[in-house]
Each structure stands twice: as C-alpha cells, then as structure tokens.
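What follows is a short report on a single structure.
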Protein chains: 2
Amino acid sequence: MTLKEYKEQDIADYLKKYGIKPSYQRIKIFEYLRKTKSHPNVDVIFKEIVKVIPTLSKTTVYNTLSSFIEKGIVAVITIEENETRYDADTSMHGHFKCKSCGKIYDFDINFSRDDIDDLGGFEVDEKHLYFKGNCKNCLKNK
Amino acid sequence: MTLKEYKEQDIADYLKKYGIKPSYQRIKIFEYLRKTKSHPNVDVIFKEIVKVIPTLSKTTVYNTLSSFIEKGIVAVITIEENETRYDADTSMHGHFKCKSCGKIYDFDINFSRDDIDDLGGFEVDEKHLYFKGNCKNCLKNK
DNA sequence: ATTTAAATTTGTAATGATTACAATTTAATA
DNA sequence: TATTAAATTGTAATCATTACAAATTTAAAT
C-alpha cells in the first residue's frame, strides 16, 4: 500500500465518520481543501481536481461542498461579495484578506471574553472574524 | 422651510463633506440607509426609494452605493453568499444574523485587545465580526 | 438667457456564479 | 446477474451585478 493510498483511506474514514459516503470525487476534493491553505473558490477547486478526474463536473464540486458544509467539516468564507471561498479548517480562527494581493491569511483569535459572548438571550452557533488591509509582503514591496 | 427639507439639507452637507455631489437620488438613498436599521440589500433599497422617485433605476442604486462605499460612509455586510447588505453605520460594531428569521442585529464590540490587534507587520484597515445563530425572539417562539 | 460641456441617471444587454433538473453512470443489494 | 438507490454529469435556468450607450439633468461659460 502506498503512502498516497494510506492518506486517502484516512480521508475516507473521516468522511464516513461525518456521514458522507467517501466517493473518489469527494475524497479528492476534501484532500485538496485539507492540504491547500489558500482558501480556494469553486473554480480553483474544479480546475485542480479535474486534472486528476477529467470527467469531473462543476456541479459535483458544488454538491460536494454543500454536503461538507452541511455536515460541518468545511467552513464558508464570505469576505468579498461574489467571492465565496472554502476552508477545511473549521477550528476557531480569523482571516486576514490583503487588499493588494488578494491572499487570505489565517490568524489565531480567542473569543473567551464575556462581553463578546454575552448577547443577552441570543444563541450563538458560529463566530466569524475577518480583517482587511495590506499584508507584510505587499507593504515590503512598496 | 419644513423639517423634512432641513433633514435633507443635513444629509446634503454630509455628502458634500465626503466629496459626493448631493443629487436627489443620493440624498434619498443615504437618508433611507441612515434611518433604517435592517441593513437592506439593493433590492429592498430600490423598492423603497422608487416609491418616492418613480424613475429610479436599479443601476443608480448600485452606482450610488459604490460611491458611498468608496468614500467610506457606507459599509458592506457580507454574511451570506449572494446576499450583500449595506449599513450607513460605519462605526465599529458586530452583526448577529438569525438563521431562523434572517434578521441582522447590531451589537457592540471592543477590539482593543493586543492579541487581536497585533498581526505582526500587517496593516489592518477594516475589522469585521459577525455571529450566526438564533435570536431571542425566534427562541421564544419555539 | 442661451449655449456648451460635464456629470448623473437611466435602460438594456452582457456577465458570471450558483442552482435546478433530467439523464447517465456508478455502487450496493438481493 | 438483475434490480434499486445513490452519485455524478451536462445543460439550461436563475439571479445579482456590471458594462455601456443613450437620455437627462446640472453646472459653467458666454
């Protein structure tokens, strides 16, 4: 058994654990989301996976992402209008989008403060935080 | 001079201050954004203002909002994909979107903590925070 | 006041991401 | 192997946004 197959088996098990039948397409899409850190959009995901699965349809990418989101193993990033991106890291973290190069960075946050948590009788399921500005690299190149 | 005209004059002055020529359309759109607290989308804004300006075009609403955003007197709210909303309150505050009724609430936040502010050489221009869940009203009605 | 130029508004068409849906293919079960 | 269900695919429809040119309004100049 090769190392590659071994990793795919891990992903298959992970998908099963969350009630998703691990088809080849689903494994490949999730694998890509896990290893990439660029928070890709549907088009980027499609263009990448279609190299491996030439018959892949963009509808499958949409369907697959929908089920991932529904099961809670992928998070949607909506920073810019008309630019939906996806993130396989569902742990609590913030996003920084560089207005110059467009890159999205992750950063750690801590939402433990009571004055943010206490919304007086509201039930909070998701917390999203994102900043916009200019990244280190772009500032350097000016 | 009526009270209504007086308020419109205030808005006209405000727009001028930010380098926007205060046309009737622009005044009405900004006035509506200022008084409403529901963070409306383009369609809602259009449907409301067209009652007063029957010749209004949706393109004008888009153009006007773009210039408001460019000048920094209106903020874009992108919580849901394909649901861009607008807010004339550009002061720092968070948004809570109820998954049940869809309503967006404002809440106060304080971003003074160093561990959130310090992104190590990154220049932060905008900070956005939003939560999702179920609001007080919807929880009560269950 | 009239003319000219610039800015704004308007309407229609184009774009592009997402969704709907039916047909095809694949996988699971008997 | 035959049957059924699930997943994938491709095409068409939808819907928000943008592009763009024509019409209108406003401002400036004469």
Side-chain angles (χ1 to χ4, degrees), chain A residues 8-9 11-13 15-16 18-32 39-71 73-86 102, chain B residues 8-9 11-13 15-16 18-32 39-71 73-86 102:
Chain A
E8 282 185 7
Q9 187 53 51
I11 289 169
D13 290 344
L15 295 182
K16 264 187 240 167
Y18 284 90
I20 298 163
K21 210 175 288 180
S23 72
Y24 188 48
Q25 285 84 341
R26 288 167 179 169
I27 289 170
K28 279 296 162 193
I29 291 171
F30 192 77
E31 189 185 38
Y32 177 65
H39 314 87
N41 62 22
V42 166
D43 212 58
V44 170
I45 297 166
F46 174 77
K47 286 201 172 81
E48 190 63 27
I49 312 298
V50 83
K51 293 176 188 169
V52 183
I53 311 171
T55 60
L56 184 71
S57 161
K58 204 173 265 188
T59 302
T60 299
V61 179
Y62 277 107
N63 290 341
T64 301
L65 289 171
S66 291
S67 74
F68 287 174
I69 292 156
E70 195 192 321
K71 301 294 185 184
I73 60 171
V74 160
V76 180
I77 306 176
T78 49
I79 292 182
E80 230 66 63
E81 17 172 2
N82 301 330
E83 192 191 33
T84 308
R85 291 167 170 241
Y86 301 89
Chain B
E8 282 184 5
Q9 186 54 51
I11 289 169
D13 290 344
L15 296 182
K16 264 186 239 166
Y18 284 91
I20 298 163
K21 212 175 287 180
S23 72
Y24 188 49
Q25 285 85 341
R26 288 167 179 170
I27 289 170
K28 280 296 162 193
I29 291 171
F30 192 76
E31 191 185 36
Y32 176 66
H39 316 87
N41 62 19
V42 166
D43 212 57
V44 170
I45 296 166
F46 173 77
K47 286 201 172 80
E48 190 63 27
I49 311 298
V50 82
K51 293 177 189 168
V52 184
I53 312 171
T55 59
L56 184 70
S57 161
K58 202 171 265 188
T59 303
T60 300
V61 179
Y62 278 107
N63 290 341
T64 301
L65 289 171
S66 291
S67 73
F68 287 173
I69 291 156
E70 194 192 322
K71 302 294 184 181
I73 61 172
V74 160
V76 180
I77 306 177
T78 49
I79 293 182
E80 230 65 63
E81 18 173 1
N82 301 332
E83 191 191 33
T84 308
R85 291 168 170 240
Y86 301 89

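Order of the sequence lines sets the chain letters (A, B, ...), proteins ahead of strands, with each chain counted from 1.
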Inset, instruction - Take Thr84(B) and Asn63(B), find for each the nucleotide of DNA chain D with the closest heavy atom, and name the residue whose nucleotide sits nearer the 5' end. - result: Thr84(B)
Legend entry - Validation row: Val44(A), Tyr86(A) side chains within 4.5 angstrom (heavy atoms): no
Inset, instruction - Respond yes when some side-chain nitrogen or oxygen of Thr60(B) is under 4.0 Å from OP1 or OP2 of dT10(C), and no when none is. - result: yes
Inset, instruction - Tell me whether the OP1 or OP2 atom of dT9(C) has a side-chain N or O from Ser23(B) closer than 4.0 Å. - result: yes
Legend entry - pair Leu15(A)-Ile73(A): side-chain heavy atoms closer than 4.5 Å: yes
Legend entry - Main-chain N/O of Ile79(B) paired with Thr78(A) side-chain donor or acceptor, under 3.5 Å: yes
Legend entry - Phosphate contact (dT9(D) OP1 or OP2) by Thr55(A) side-chain N/O below 4.0 Å: yes
Inset, instruction - May I have the distance from Arg26(B) (atom CZ) to dT26(D) (atom P), rounded to whole angstrom? - result: 12 Å
Inset, instruction - For the residue pair Ile49(A) and Val61(A), establish whether any side-chain heavy-atom pair is separated by less than 4.5 Å. - result: no
Legend entry - Phosphate OP1/OP2 of dT18(C): any Tyr62(A) side-chain N/O under 4.0 Å: yes
Inset, instruction - Taking only the side-chain heavy atoms of Asn82(A) (C-beta and beyond), determine which of dT9(D), dT10(C), dT17(D) contains the nearest atom. - result: dT17(D)
Legend entry - Nearest-Å distance for atom pair CD1/C1', residues Ile69(A) and dT18(C): 12 Å
Inset, instruction - Using whole Å, report how far CG of Asp43(B) lies from C1' of dC15(D). - result: 10 Å
Inset, instruction - May I have the distance from Glu83(A) (atom CD) to dT18(C) (atom C1'), rounded to whole angstrom? - result: 15 Å
Inset, instruction - Considering just the side-chain nitrogens and oxygens of Gln25(A), establish if one lies under 4.0 Å of OP1 or OP2 belonging to dT26(C). - result: no
Legend entry - Most 5' of Lys21(B) and Ser66(A) on DNA chain C, judged by nearest nucleotide: Lys21(B)
Inset, instruction - Can you tell me the distance, in whole Å, between the CD1 atom of Ile53(A) and the C1' atom of dT26(C)? - result: 13 Å
Inset, instruction - Give the rounded distance in Å between these two atoms: CG of Leu15(B) and P of dT8(C). - result: 12 Å
Legend entry - For atom CD1 of Ile49(B) and atom P of dT10(C), their distance in whole Å: 12 Å
Inset, instruction - Kindly compute the distance separating CD1 (Ile45(B)) from CZ (Phe30(B)), expressed to the nearest 0.5 Å. - result: 11.5 Å
Inset, instruction - Whole angstrom is fine here: how far is it from CD in Glu81(B) over to C1' in dT17(D)? - result: 16 Å
